[in-house]
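See below for the structure under consideration.
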Amino acid sequence: MLLAIDVGNTRIKYAVFERNTVLEAAFFDKDALVPAVEKILKAHDGITDIVVASVGSLGRDAFGFGKKLHFVTHEDRFPFVNKYATPATLGIDRMVLAAGAVLRFPGQNRLVIDAGTAITYDFVNDRNEYLGGAIAPGIRLRYTALNNYTAKLPLLERTAPQDLIGNSTAESIHSGVVNGVVCEMDGFIDRYRERHPNFIIILTGGDADFLASRLKNTIFAHSNFLLESLNQTFQYQITNG
Ligand SMILES: Nc1ncnc2c1ncn2[C@@H]1O[C@H](COP(=O)(O)OP(=O)(O)O)[C@@H](O)[C@H]1O
Ligand SMILES: CC(C)(COP(=O)(O)O)[C@@H](O)C(=O)NCCC(=O)O
Ligand SMILES: [K+]
């Protein structure tokens, strides 16, 4: 039994796996790491291994819980050829997402979009070459930036805009942030399709469920895709050493 932990820049997400079955999945804040993991280990005493993908500030030494620890690093084996020009700076989360896309959807072009703190786009072609993608501000980051860098704009929470044309300050912000992300995402997908006519799209991250129904393009929405990919990558590393 495996505890998979995804440390992002906003939240820590986890899932307990028995092979490919999710026994439990949730999220917690970074400062709640120790009590949260201890509670999970108490609830599932069959957990033998902990696998961690971390882009946040937490390093390997934050995960000493007396279980076998697999802290994913750039030195691990991945099921793709990394064509990134700066492989050592590529986010571990993006590498795990690309690995999951290869293992879960073999033999085709894949675009993974992770709508979290940042919105990341990762493209792996049908020859399992990781080409890279894009990094854009996430939804919450856009609301925060508008409030932080202007004199008068309020800090608002993620809300569905009532209309394309915002008829108030709040509605203008909601339309600018939410419709902006939706148009950007659909625009990116249309541009990728000009270059690669056939590819599948996997949308994940904390804002995936909110965004999925707003996109005109057909996508696979998997809110826990990074955790599932962590589990698949862990199994891949065990079998391929
Ligand atoms: N309870 C919540 N706490 C924080 N962010 C949330 C919450 N519910 C939804 N979100 C959205 O999820 C995003 C964070 O998603 P997540 O994938 O967890 O980020 P990361 O992996 O970068 O930590 C935020 O942009 C926010 O809009
Ligand atoms: C872009 C990211 C901050 C996304 O992290 P997240 O939104 O999941 O918190 C992370 O993938 C990262 O730190 N990347 C390093 C730079 C790169 O991927 O090229
Ligand atoms: K992300």
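A quick note: this is a predicted structure, and the numbers were derived from the prediction, not measured. Note that ligands are numbered from 1 as they come in the structure, with each ligand's atoms numbered from 1 the same way. When reading the values below, keep in mind they use all heavy atoms of this one structure, side chains included, and skip hydrogens, waters and symmetry mates.
- Checking Q232 against N20 by side-chain atom types alone, a donor-acceptor pair falls below 3.5 Å.
- Of all the atoms in ligand 1, the ones that sit under 4.0 Å from a non-hydrogen atom of G205 are 17 (O).
- Tested against R110, the residues D122, N128, D126, N125 include a single side chain to side chain donor-acceptor pair (under 3.5 Å) partner, N128.
- The CD1 atom of I40 sits 4.0 Å away from the OH atom of Y14 when rounded to the nearest 0.5 Å.
- Ranking protein heavy atoms by distance to atom 21 (O) of ligand 1, first place goes to K13 NZ, 2.7 Å.
- P87 and N82 make their closest contact through CB-ND2, 3.8 Å (heavy atoms, listed as atom of the first residue, atom of the second, distance).
- The protein non-hydrogen atom at the shortest distance from atom 3 (C) of ligand 2 is N9 ND2, 3.5 Å.
- For ligand 1 and G8, the ligand atoms under 4.0 Å from any heavy atom of the residue are 20 (P), 21 (O), 23 (O).
- In terms of N/O distances under 3.5 Å, ligand 2 is approached by A118.
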Requested in this report: Please report the C-alpha distance between F123 and Y130 in whole Å, then the side-chain angles of each, then the deciding distance to 0.1 Å, and finally whether the ring pair (Phe, Tyr, Trp, His ring centres under 6.0 Å) criterion is met.
Outcome: CA-CA 6 Å; F123 195 82; Y130 172 83; 9.3 Å; no
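- Taking backbone and side-chain atoms together, D114 has an N/O/S atom less than 3.4 Å away from the K ion (ligand 3).
- Between L90 and ligand 2, no pair of N/O atoms sits closer than 3.5 Å.
- With respect to the salt-bridge test (charged N to carboxylate O, under 4.0 angstrom), the residues R195 and D190 do not qualify.
- Considering CZ of R94 and CG of L226, their distance stands at 12.0 Å, rounded to 0.5 Å.
- The closest protein non-hydrogen atom to atom 19 (O) of ligand 2 is Y84 OH, 2.6 Å.
- With a 4.0 Å heavy-atom cut-off, ligand 2 is reached by the side chain of D93 but not by its N, CA, C or O.
- With a 4.0 Å cut-off on non-hydrogen atoms, T117 touches ligand 2 through its backbone as well as its side chain.
- Relative to the ring axis of F210, R214 places its NZ or CZ within 45° and under 6.0 Å from the centre.
- Across the listed options E157, R11, K30, R11 owns the non-hydrogen atom lying nearest to atom 1 (N) of ligand 1.
- If you look at R158 next to ligand 1, the close heavy atoms, those under 4.0 Å, all belong to the side chain.
- Scanning the protein for heavy atoms near atom 12 (C) of ligand 2, the closest one is G91 CA, 4.0 Å.
- Using a cut-off of 4.0 Å between Lys/Arg side-chain N and Asp/Glu carboxylate O, D207 and R158 are scored as salt-bridged.
- Taking every non-hydrogen atom of N9 and a distance limit under 4.0 Å, the qualifying atoms of ligand 1 come out as 20 (P), 22 (O), 23 (O).
- Just one of L230, V52, V51 meets the side-chain contact (heavy atoms from CB on, under 4.5 Å) condition when paired with H70; it is V51.
- Counting heavy atoms only, G206 comes closest to atom 15 (O) of ligand 1 of the residues G206, P137, A118.
- Interface of R94 with ligand 2, defined as ligand atoms under 4.0 Å from a residue heavy atom, comprises 11 (O), 17 (C), 18 (O), 19 (O).
- Only side-chain heavy atoms of T120 come within less than 4.0 Å of ligand 2; its backbone N, CA, C and O stay farther off.
- Here the protein heavy atom with the shortest distance to atom 16 (C) of ligand 2 is T89 O, 3.2 Å.
- Selection from D114, L226, D207, T10 by nearest heavy atom to atom 24 (C) of ligand 1 gives D207.
- Interface atoms of ligand 1 facing T117, defined by a heavy-atom separation under 4.0 Å, are 19 (O), 20 (P), 22 (O), 23 (O).
- Here CZ of F225 is found 10.5 Å from CG of D114. Values are rounded to the nearest 0.5 Å.
- At a cut-off of 3.4 Å, A118 coordinates the K ion (ligand 3) through an N, O or S atom.
- Summarising the geometry, atom CZ belonging to R193 is positioned 5.0 Å from atom CD1 belonging to I201; distances are rounded to the nearest 0.5 Å.
- Under the 3.5 Å distance criterion, the side-chain polar atoms of R11 are left unmatched by any main-chain donor or acceptor of K30.
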